[in-house]
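All ligand and atom numbering here is 1-based and tracks the order in the structure.
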Amino acid sequence: MFLDYKPTWMVAKITQLTAADLRRQGIKAILTDLDNTLIAWDNPTGTTEIKTWIQQMQASGIPVVVVSNNSAARISRAVKSLKVPFIARALKPLSIGIRRAKVQLKLSNDELIMVGDQLITDMIAANNSGVRAVLVRPLIKTDAWNTRINRFLEKFLMRRLRRRHPELQWKERLDG
Ligand SMILES: [Mg+2]
């Protein structure tokens, strides 16, 4: 369905994803949103925790690829210190960016996850692509990432999601 914003999993932070848990799910690469998922406006080059996590994933043979609606210029500045490849102008909630990443990685839908902090862009894009989706909490609540309308919509959809899928809870890790 075009507007399916239901995540497969809800994990508070991207750094809680471990190579072992991902492998158990057959996941071979992580596609991730940039703003408020990997970096926050008050720390635009990424925290040590994020950098360490990315290195651990890469060392485990699980590439991390940024799939962002931002321009290439903006993303390359942000990811310079993170050293990850990226897809710019991904046009989330459309599946275009995720499909491009999939072709570049030569992986199938089952071997990918899309991680992000927004239902209306990241989760819908993942579901439109047939890739499993991981919702994380926004790194910063008062970020400039969002218009007021977006924030209002996110809250509304989140409440609806909790009502319709009470089984969906914030977890410490991917648990199948
Ligand atoms: Mg975001």
Which atom, among the N/O/S set of [X], is closest to the Mg ion (ligand 1)?
X	result
D117	OD1
D33	OD2
D35	O

- Task: Compare every heavy atom of D117 with every heavy atom of E154, then report the nearest pair and how far apart it is.
- Result: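 Closest heavy-atom pair between E154 and D117: OE1-O, 4.1 Å.
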- Can you name the nearest heavy-atom pair linking W53 to L17, along with the distance?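 For W53 versus L17, the nearest heavy atoms are NE1-O, 2.8 Å.
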- Query: So with a 6.0 Å cut-off around NZ of K51, is the heavy-atom count from everything else above 12?
  - Reply: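 Yes, NZ of K51 has more than 12 neighbouring heavy atoms, counting only those of other groups under 6.0 Å.
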- Message: Between D21 and K171 (salt bridge meaning N to carboxylate O under 4.0 Å), is one present in this structure?
- Response: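 No, this pair does not count.
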